[in-house]
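Notes to accompany the following structure.
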Amino acid sequence: MTDPSALTAEAIAAIGKARTATELERVEVEYLGRKSGRVSKLLEGIGALNPEERAALGKAVNEAKRTIEEALSARRSQLEASRLADLAETEAIDVTFPGPPLERGHIHVLTQVRRQIETILESLGYQVELGPEVETEWFNFEALNITAGHPAREMWDSFYFSPELLLRAHTSPVQIHAMLRIKEPPIYIITPGRCYRRDAPEATRLPYFSQVEGLAVDRGLTFGDLKGTLLYMIQSLYGRERRVRVRPSFFPFTEPSFEFDVSCGICGGMGCKSCRHKGWLEVGGCGMVHPQVLRNGGIDPTQWNGYAWGFGIERMAMLKHDVDDMRLFYESDLRFLEQF
Ligand SMILES: [Zn+2]
C-alpha cells in the first residue's frame with residue numbers, strides 16, 4: 001500500500017512541473033479524480049484494517065487531499081500570473097500611440113456637380129426652385145403641352161401611383177409651379193431634382209436620375225440670350241475653350257426646340273474616340289418656351305416670352321470626369337467615389 005505522505009510529495013512535484021493550465025488539470029485528475037484518482041485509491045482495503053488503523057489512514061488521506069489541493073491552487077495562480085505577464089510583454093498596448101486617422105467622407109460627385117451648376121447660374125441671377133417628386137398628370141404632362149395621346153408621352157414613360165398621380169418624369173413641372181406662384185415676371189429659376197422613368201438601368205440611362213432645368217421669362221428674350229447662358233454655364237463648368245452648338249429638335253413645351261452639344265474636351269472638336277469622332281458631346285435640350293406653356297403657367301404670352309433648357313446632372317458629371325457608365329454614380333463603390 002502506498003504511503004499517503006509519499007504520494008503527496010509525488011503529487012507536489014508533478015504540480016511544480018506543470019507548465020500550463022491544461023497540464024495542471026491533468027495532474028489534478030490523476031491525483032484527486034473522484035473515482036480513479038490515486039489519493040482515493042489509498043482507501044482501497046481500508047475495510048481490512050482495525051478501527052485505530054482505519055482512523056489514522058482516513059486522517060492521513062484527508063491531509064494528503066488538502067495539501068495537494070492547496071498546491072494546485074497556488075500553482076494555478078502562478079501560471080495565470082505568468083500568462084498575463086507574457087501577454088503584457090507580447091501584446092503590449094502603448095496608450096500614448098496615436099490611433100489610425102478616421103476616414104472622412106466627402107460630398108458625392110453628383111452633388112458636387114449640381115452645386116457647381118447652381119453656383120454658376122446663381123451668379124447670373126437665377127434662383128433655385130424645388131418641387132414635388134410626386135406629381136399630377138396635369139403638371140407632369142398637360143401643362144407642359146404634352147396632351148393625352150400625344151406620341152411624345154412615350155418619351156417620358158412614367159411610374160404611376162394612380163391614373164392621376166405619378167413620379168415626375170422630368171423637373172419641368174417645377175417651372176409651372178414657379179410661374180403660378182411667382183405670377184409676375186421676370187422669372188429666372190433653375191430646378192434641380194430627382195426624376196423617374198421606366199427605363200432599365202444601362203450605362204447611359206437609369207430609372208432614376210437628376211436634372212437641372214432653367215427657365216427665364218421676361219420681355220423680349222431672344223434665342224441669343226439662351227445660347228449665351230448655355231455657353232457661359234458650359235465654359236464655367238468645363239473650361240473657357242469649350243464651345244456650344246445647337247441642333248433643331250422637338251419638344252412639346254418649347255418652340256423652336258433644340259438639342260445642345262458641347263465641343264469634345266479631349267480633341268477640341270477635331271474628333272476622337274471619346275466623342276466617337278463627332279467632335280461634339282450631347283448635353284441636353286433647350287428652346288423658347290411654347291406660348292401655351294406660358295398660358296398654363298398663368299402668364300400672358302403676348303406680353304412676355306421665355307426660354308428654357310434642361311439636362312441630366314449624371315450626364316454633366318460623366319462629361320466632366322470622363323465616366324463612361326452612369327450606374328457607377330449610384331453603386332456606392334468607394335473605389336469609384338473616392339476619386340472625386
Ligand atoms: Zn473628341
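When a ligand or atom number is given, it counts from 1 through the structure's own listing order. No hydrogens, no waters, no symmetry mates; every other heavy atom, side chains included, goes into these values. If you read the sequence from its start, that first residue is 1, and numbering goes on from there.
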- Atom CD in E44, atom CG in L57: separation rounded to 0.5 Å?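 One gets 11.5 Å once the value is rounded to the nearest 0.5 Å.
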- Item | Separation of F311 CZ from L319 CG (nearest 0.5 Å) |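 Taking CG in L319 and CZ in F311, the distance rounds to 10.5 Å.
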- Could you tell me the angle subtended at the Zn ion (ligand 1) by SG of C272 and SG of C264, rounded to 10°? 110°
- Message: Just to confirm my numbers, could you give the angle made at the Zn ion (ligand 1) by SG of C275 and SG of C267, rounded to 10°?
- Response: 110°
- Message: Any N/O/S atom from H277 (main chain or side chain) under 2.8 Å of the Zn ion (ligand 1)?
- Response: no
- Query: What about Y196 and Y208, are their ring centers closer than 6.0 Å?
  - Reply: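 No, they do not, as the ring centres are separated by 6.0 Å or more.
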- Query: Taking only residues two or more places apart in sequence or in another chain, which ones pass salt bridge (Lys or Arg N to Asp or Glu O under 4.0 Å) with R66?
  - Reply: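 Listed in chain order: E63, E70.
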